[in-house]
Amino acid sequence: MIELSDINSYYGESHILHGVSLAVQDGEIVCLLGRNGAGKTTAILTIMGYLKPRNGAVCYNGRDISGLPTHAIARLGIGLVPQERGIFPSLTVRENLTVFARPGARDSSRPKDPWTLERIYRLFPRLKERESNLGFQLSGGEQQMLSIARALMLNPALLLLDEPSEGLAPTIVDEIIQILEGLKKEGLAVLLVEQNLRVALAVADRHHVLNKGEICFSGSSSDLKDNDFVLRTYLSV
Amino acid sequence: MDLFLVQLLNGLVYAMLLFLMAAGLSLIFGLMNVVSLAHGSFFMLGAYIGLSIYQITNNFWLALVLAPIPTAALGMVVEILFLRPLYRRGHLDQVLMTFGFTFVFFDLVRSIWGSNIRNMAVPEALAGAVQIGAGIYPVYRLFLIAIGLALALILWLCIERTRIGAMVRAGVDDSAMASGLGANVPLLFTGVFGVGVALAALGGVAAGPIMGLYPGMDSEVMIPAFIVIVVGGMGSLRGAFVGSVLIGMADTFGKTYVPSMALFLIYLVMAVVLLTRPQGFFGIKHMGSSGNIPPRNAVATAPTTRSRIIGAMVVAAMAIAPLFVNNHQLTLVSEIFIFAILAMSLDILLGFTGLPSMGHAAFFGLGAYAVIVLASLFNVDPWIGVAIGVLLAAAGSAFVGYFCVSATGITFLMLTLAFSQLAYSVVVKWRDVTGGSDGIGIPEKPAFFIWSLESRMVMYYMTFGFFILCYLGLRRMIASPLGHVLVGIRENEGRMLAIGHNVQGYKLLAFIISGTIAGFAGGLYALFNGFISPDAIHWSASGDILIMVMLGGGGTLIGPAIGAAIFLLMKNLVSSYSDHWMLIIGCVFIGCVLFFPEGLWGTFRRLKPVRAS
Ligand SMILES: Nc1ncnc2c1ncn2[C@@H]1O[C@H](COP(=O)(O)OP(=O)(O)OP(=O)(O)O)[C@@H](O)[C@H]1O
Ligand SMILES: [Mg+2]
């Protein structure tokens, strides 16, 4: 599905990602872990083309997309849920959902059961209640739900989630875990950035741990659970 | 008919014209963070294109509907070819780029349609007047109100009720997020730019029959439209509407009931709004968000022996130059020295501190008017006038600076622009003292010590001497701790604040130094020219100074002096054998912004070490 190989990303002259390689296969949830400032968001921004990697390639279904403009990358079927949620404050909830909604990138990757407003409202009943509220009137949890729902309305083949559990109450985090499990059952590929180990272990198949812009651990959930050194040194568990 | 009702309707007419301008300006700013200084030019172009269509087809309605189409197409071409390449470089370059186009379009209009005022007939169907209450009122003006309200409603529905409108609003909120969801933001920019231009062009055609058409009608509506969006809040359609009505009414009623105050009233409204609500009534974006100008040129290192020698040679060449050139050239070079001082003074603010002032000519004018007004009305010695002018410029810049320095980027530009237009209005209005738009002169030039300034040679050496003094003085200041703080503010204001510098205080100081020296240059100019008119402080004069600085290279001190020389030489040489000097200057400036963002001197200086190695 998506494959980063040997990516080096910079903000101006500061070198952030040092040769990062990782891949997400069809229908798989891969988690990217790491402390504050490790470079997780930078990896997401690089995939989306906000940041052009100085070298290395980002391949989507075998095609190098690292030179494309951001909107073209999004239209290939990548749904973005950014760390700050990115809700449009002066649009209503409904408008946030529909404004850039698309039936999906290609016929072959188009899900059998496409996401529509009705289906979204069934999954997120709270959003239906707040349908005509403006974006800035939502609580943090509602914003996170809306951001995920909005990305689903693009009918993506791959979802990028940047710390969806950040700053949310445990009950809402549970809800998000449930939603991610549901998406996984549908066969959606997800690259999940997390600092919350509980979320990561609950939903992801494989994990990569980022430290100072380098991947220092890759493995399955059980590998990660057993690796005390990584947990303590790089994730401060 | 009741005077009040007439004024109410007239105010509405004016408000609707302003709205057609302001709506586009505001949407473009909201989405792209660019204040298009060329927006007035599109208004003017639309009006003239409409005039031609009207003359060919003899049908006003066709003119009204068709004229916006080619104008919008032209606007979109400008956006795609000239603004798009600058997105990465920051919004100020884009604003400067649009300023270059005001020259090009002005020249274009003047050469295609001539510089005389042209009249556009009111269409027959709307020619008469109707009975309202006890009096009559022209139908055409009622039509303007109706069309303005209708367009406002349509625009509002498009923005609020359609998906495209939602996309625009999303782009205004967060264009990076919108592109992350698949929105082609550059295309959206071009579209909105085109719609904005089309509205302005439509406004131009609609205004034709009541305003008349003339080159220069562009700034007539531009400045009030700027004030509208500042007052209403940048980026908000509702703000543009409310602001238009407020400014339209304030202006119309002001002219009737407090004629002496009329010209200032709208500036007064703006100042009050900005002081109480800096983001305007419905502002959704704080204008300051665009920040200081990004650094272009690193501060020069200490002069090397070689550069000292070259400098000394240039100075020596200038010192003996009068032996080889004719009187006319001597005068031109004297003028260049004066404007070089002026451009260097702006560089302190623009190049070194990162504050783009679009009102610098006001302080120049203050210095010049002080000399001439005092000499001609009170027989004060012109040299005392220069001293008083410098003091007035210092006081004036302290006053204006106090209001402006808390702003950055485009807000700062708009505020300084507004203040300088306020000064312009005062000068035009205060006929008894300033001679109004005719200008004012002194009968004879004074002496410089024992030498009469009637001699061009004396004038040359005097201005040359003052130029050298100012250059050395300013270079000293740049190298001093004060200069380092100013450059620090340009490069990272937050950090200067964090390490305990009084950033506002330093900015104010830079503003005052800059304004004071501009006042001195103005005083010299009064002695040189013996005459001053409001043209010298019009906002476009401030724009000329900005061009000089950018042409030569902001933040290099000598660059702006070179820029002043190039600008005046071009203006003189080109205008002596072609009427199109504005077109040529405009194109040179556009090319410069596009290809030499560091200015000619800045680029040259950067290339030098490469050559050496
Ligand atoms: N716009 C920027 N310019 C310069 N440096 C940046 C910028 N954004 C982030 N950085 C730096 O890049 C590094 C990686 O940041 P990044 O946002 O990718 O971290 P992260 O892993 O997402 O952290 P967090 O968990 O806090 O979100 C940090 O050291 C940060 O200071
Ligand atoms: Mg992050």
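Computed from a predicted model, the values in this text were never measured in an experiment. Protein chains get the first letters and strands the later ones, always in sequence-line order, with residue 1 at the start of each.
- The distance from atom CE of B:Met167 to atom CZ of A:Phe100, rounded to the nearest 0.5 Å, is 5.5 Å.
- Options A:Leu91, A:Ile73, A:Thr98 differ in how many heavy-atom pairs under 4.5 Å they form with chain B, and the most are formed by A:Leu91.
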Review item, side-chain donor-acceptor pairs of residues 77-84 of chain A, under 3.5 Å, at least two apart:
| from | atom 1 | to | atom 2 | distance (Å) |
| --- | --- | --- | --- | --- |
| A:Gln83 | OE1 | A:Thr41 | OG1 | 2.7 |
| A:Gln83 | NE2 | A:Glu163 | OE2 | 3.4 |
| A:Gln83 | NE2 | A:Glu166 | OE1 | 3.3 |

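- Between B:Ser179 and A:Tyr50, the shortest heavy-atom contact is OG-CE2, 3.9 Å.
- Remark: the backbone N or O of B:Leu181 is not paired with any side-chain donor or acceptor of A:Arg75 at under 3.5 angstrom.
- The pair A:Glu95-B:Arg163 does not count as a salt bridge, with every side-chain nitrogen at least 4.0 angstrom from each carboxylate oxygen.
- Residue contact with chain B, scored on non-hydrogen atoms closer than 4.5 Å, is absent for A:Thr92.
- When every heavy atom of B:Gly182 is checked against every heavy atom of A:Ala74, the shortest pair comes out as N-CB, 3.4 Å.
- Heavy-atom pairs under 4.5 Å with chain B peak, among A:Ala72, A:Gly135, A:Pro89, at A:Pro89.
- With sequence neighbours excluded, the residues that form a side chain to side chain contact (heavy atoms under 4.5 Å, CB included) with B:Phe281 are B:Val231, B:Val242, B:Leu246, B:Val273.
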### Task
Kindly determine whether B:Met177 and A:Phe88 satisfy side chain to side chain contact (heavy atoms under 4.5 Å, CB included), including the steps that lead there.
CA-CA 8 Å; B:Met177 187 65 231; A:Phe88 301 117; 3.9 Å; yes
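- Counted within 6.0 Å of CD1 on B:Ile164, heavy atoms from surrounding residues, nucleotides or ligands total 12 or fewer; the atom is thus considered open.
- When the shell of 6.0 Å around CZ of B:Arg238 is examined, it contains 12 or fewer heavy atoms from other residues, nucleotides or ligands.
- Judged purely by atom type and a 3.5 angstrom limit, B:Asp173 uses its side chain to pair as donor or acceptor with the backbone of A:Ser90.
- Atom NZ of A:Lys212 has 12 or fewer heavy atoms from other residues, nucleotides or ligands within 6.0 Å.
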